[in-house]
Amino acid sequence: MIFADAHSHINPIKGLGYKISEKFKSNDGWFIAYISSSPWDYFDDFNGFDSYEKMINYQINECQKSNEIGVKTACIAGFHPEDIDFLIDKVKMSPSSVLNLGLKVIEYEASLCKEGKLFGIGEVGRQHYKTQSERVAISQIILEKALEYAKDYDCMIHLHLENADTDTVRIIDYSVNKANIRNKKKIVFHHAKPSMLTEIDSLGYSATVYGIDEVLNIVLYNLPPIFMIESDFPDNPSFKKVVYPWELPRKITYFSKKYNINEEYLYKINVDNIEEAYNIRP
Ligand SMILES: [Zn+2]
Ligand SMILES: [Zn+2]
């Protein structure tokens, strides 16, 4: 069997960069999606838009190296909802200037999607923790703008959202319909809870589940193959308690033996669902 990691991060400055793909490849990994981090995870100083631009260019370069060593790679960059809180609390920016920065960043990312340098925009969405309402409003404006670009330039979206279970899915569906996006498979609910998966699938979206034992135990035991698996690896040594992309194949194999899962099922979650979302084949 060949394995996919549908959502990881990459940091060539503080972390391993494309060497993740080398390790992943030697464990039967064939596909990985690398999502941007936040600029302060890369650089010690922060210079607004320039820092985002510099980080994304590093990331694109690293994705290219990953592709060159033979791991099919999708590069996706966004404006993470948590960035909004960081910029207001730590950088002391005003909420309205954070909104302007976020819009400028995703406009730049949309232009890279148009040129074919990025596969899509993500993570965008809403904070998964309680925060001030003006900050959630900023997240929502950026999300809706990202959906408009996704429609215009046919790019993907990786959603990072609050956890209101199936209600989160139905609320997002409203925004996606408003943006008039037909191919909803390109919209990925990242870090989806197992209880959200049936709703996500029935509305035509894609989902990634976190590849930890606790989650794999539920999805591989209970559910049809309607999801992809992610490591959400931060590629930053200062982040503790992580799942490594190159561990996913062993974990998935372990649980599929435990629950007598057939090859067809495994092929669906590791290959077919990747193709439906990313339009990439082995
Ligand atoms: Zn996330
Ligand atoms: Zn992530």
Side-chain angles (χ1 to χ4, degrees), residues 4-8 31-36 74-81 106 109-110 113 118-128 136 139-211 215-216 218-220 222-232 265 267-281:
D5 183 346
H7 180 114
S8 175
F31 170 85
I32 193 159
Y34 286 123
I35 322 300
S36 59
C75 213
I76 293 166
F79 193 80
H80 200 290
I106 60 159
E109 290 161 351
C113 287
L118 284 178
F119 242 78
I121 303 173
E123 301 176 28
V124 287
R126 294 187 288 261
Q127 290 87 340
H128 62 271
V136 182
S139 297
Q140 181 69 22
I141 294 170
I142 291 171
L143 164 64
E144 292 191 357
K145 195 71 203 170
L147 290 170
E148 278 178 37
Y149 289 131
K151 159 80 184 164
D152 291 346
Y153 304 133
D154 194 29
C155 50
M156 296 188 72
I157 296 285
H158 271 231
L159 294 167
H160 174 108
L161 294 162
E162 77 284 347
N163 176 15
D165 220 300
T166 49
D167 278 309
T168 290
V169 186
R170 292 183 199 128
I171 294 166
I172 283 295
D173 194 46
Y174 183 89
S175 299
V176 174
N177 288 335
K178 201 169 107 187
N180 215 355
I181 294 176
R182 299 246 166 72
N183 180 9
K184 295 181 177 179
K185 283 285 172 198
K186 293 179 92 104
I187 315 277
V188 180
F189 283 79
H190 130 76
H191 229 297
K193 258 180 69 175
S195 57
M196 294 163 77
L197 292 173
T198 306
E199 188 73 12
I200 291 171
D201 180 60
S202 71
L203 290 175
Y205 295 96
S206 294
T208 58
V209 299
Y210 193 26
V215 174
L216 293 177
I218 300 171
V219 294
L220 294 173
N222 274 325
L223 287 163
I226 52 172
F227 54 89
M228 301 176 282
I229 297 172
E230 64 169 46
S231 64
D232 204 14
Y265 183 110
Y267 198 81
K268 183 93 176 54
I269 61 172
N270 285 293
V271 180
D272 292 341
N273 292 351
I274 299 288
E275 187 183 10
E276 280 192 328
Y278 295 86
N279 201 20
I280 295 182
R281 276 206 76 76

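All values derive from a computational prediction rather than experimental measurement.
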Sequence neighbours left out, what passes side chain to side chain donor-acceptor pair (under 3.5 Å) with Lys184? Give chain and number order. Asp173, Asn177
Shortest non-hydrogen pair, Ile121 vs Gly78, comes out as CG2-CA, 4.2 Å
What residues form a salt bridge (charged side-chain N to carboxylate O under 4.0 Å, His left out) with Lys185, not counting sequence neighbours? Asp201, Glu276
Side chains of Thr166 and Ile200, heavy atoms from C-beta outward: is any pair under 4.5 Å? no
Which heavy atom of Gly122 sits nearest a heavy atom of Ser36, and at what distance? O-OG, 3.7 Å
Donor on one side chain, acceptor on other, Glu162 and His128, under 3.5 Å: no
Is the cationic atom of Lys178 (NZ for Lys, CZ for Arg) positioned less than 6.0 Å from the six-membered ring centroid of Tyr174 and within 45 degrees of its normal? no
Residues forming a side chain to side chain donor-acceptor pair (under 3.5 Å) with Asn273, sequence neighbours excluded: Lys268
So CD of Gln140 and CD1 of Ile172: to nearest 0.5 Å the spacing works out to 6.5 Å
Ignoring hydrogens and geometry beyond distance, is a side-chain donor-acceptor pair present between Ser8 and Glu230 at under 3.5 Å? no
Between the main-chain N or O of Asn180 and the side-chain N or O of Lys151, is there a donor-acceptor pair closer than 3.5 Å? yes
Residue set satisfying ring pair (Phe, Tyr, Trp, His ring centres under 6.0 Å) with Tyr34, at least two apart, ordered chain then number -> none
Apply the test side chain to side chain contact (heavy atoms under 4.5 Å, CB included) to residues Ile269 and Val219: give CA-CA distance (whole Å), side-chain angles for both, the deciding distance (0.1 Å), then the verdict. CA-CA 11 Å; Ile269 61 172; Val219 294; over 6 Å; no
Closest non-hydrogen contact found for Ile218 with Pro194 is CG2-CB, 3.9 Å
Mind checking what makes side chain to side chain donor-acceptor pair (under 3.5 Å) contact with Arg170, not counting sequence neighbours? Glu199
Nearest 0.5 Å please: distance from the CG atom of Leu161 over to the CD1 atom of Ile171. 9.5 Å
Note, Tyr205 side chain near Val188 side chain (heavy atom, < 4.5 Å): no
Test of understanding: with salt bridge (charged side-chain N to carboxylate O under 4.0 Å, His left out), list the residues that count as partners of Asp165, not counting sequence neighbours. Lys193
Between Lys186 and Ile157, does the side chain to side chain contact (heavy atoms under 4.5 Å, CB included) criterion hold? Intermediate values first, please. CA-CA 6 Å; Lys186 293 179 92 104; Ile157 296 285; over 6 Å; no
State which residues pass ring pair (Phe, Tyr, Trp, His ring centres under 6.0 Å) with His158; sequence neighbours excluded, sorted by chain then number. His7
Of all residues at least two apart in sequence or in a different chain, which pass the side chain to side chain donor-acceptor pair (under 3.5 Å) check with Ser206? none
Does any non-hydrogen side-chain atom of His190 lie less than 4.5 Å from one of Leu159? no
Asp272: salt bridge (charged side-chain N to carboxylate O under 4.0 Å, His left out) partners, not counting sequence neighbours: none
Considering residues at least two apart in sequence or located in another chain, which fulfil the ring pair (Phe, Tyr, Trp, His ring centres under 6.0 Å) criterion with Tyr210? His191
Worked check of side chain to side chain contact (heavy atoms under 4.5 Å, CB included) between Val124 and His160: CA-CA 6 Å; Val124 287; His160 174 108; over 6 Å; no
Quick one: pull up CG in Asp167 and CE in Met196 and give me the separation to the nearest 0.5 Å. 9.5 Å
Does a sphere of radius 6.0 Å around CG in Asn183 hold more than 12 heavy atoms from other residues, nucleotides or ligands, not counting ones at 6.0 Å or beyond? yes
From CG (Asn270) to OH (Tyr265), nearest 0.5 Å: 10.5 Å
For a 4.5 angstrom cut-off between non-hydrogen side-chain atoms, does Glu144 reach Val176? no
What I'd like to find out is whether the side chain of Gln127 reaches to under 4.5 Å of the side chain of Pro81, using heavy atoms alone. yes
Looking at CD1 of Ile181 and CD1 of Ile187, how far apart are the two atoms once the value is rounded to the nearest 0.5 Å? 4.0 Å
Just how far is it from atom CG of Asp5 to atom OG1 of Thr208, taken to the nearest 0.5 Å? 9.0 Å
What one should report as the nearest heavy-atom pair of Gly211 and Ile229 is CA-CG2, 3.9 Å
Sequence-distant partners of Tyr278, ring pair (Phe, Tyr, Trp, His ring centres under 6.0 Å), two or more places apart: Phe31
Residues in disulfide bond (SG atoms under 2.5 Å apart) contact with Cys113, at least two apart in sequence or another chain: none
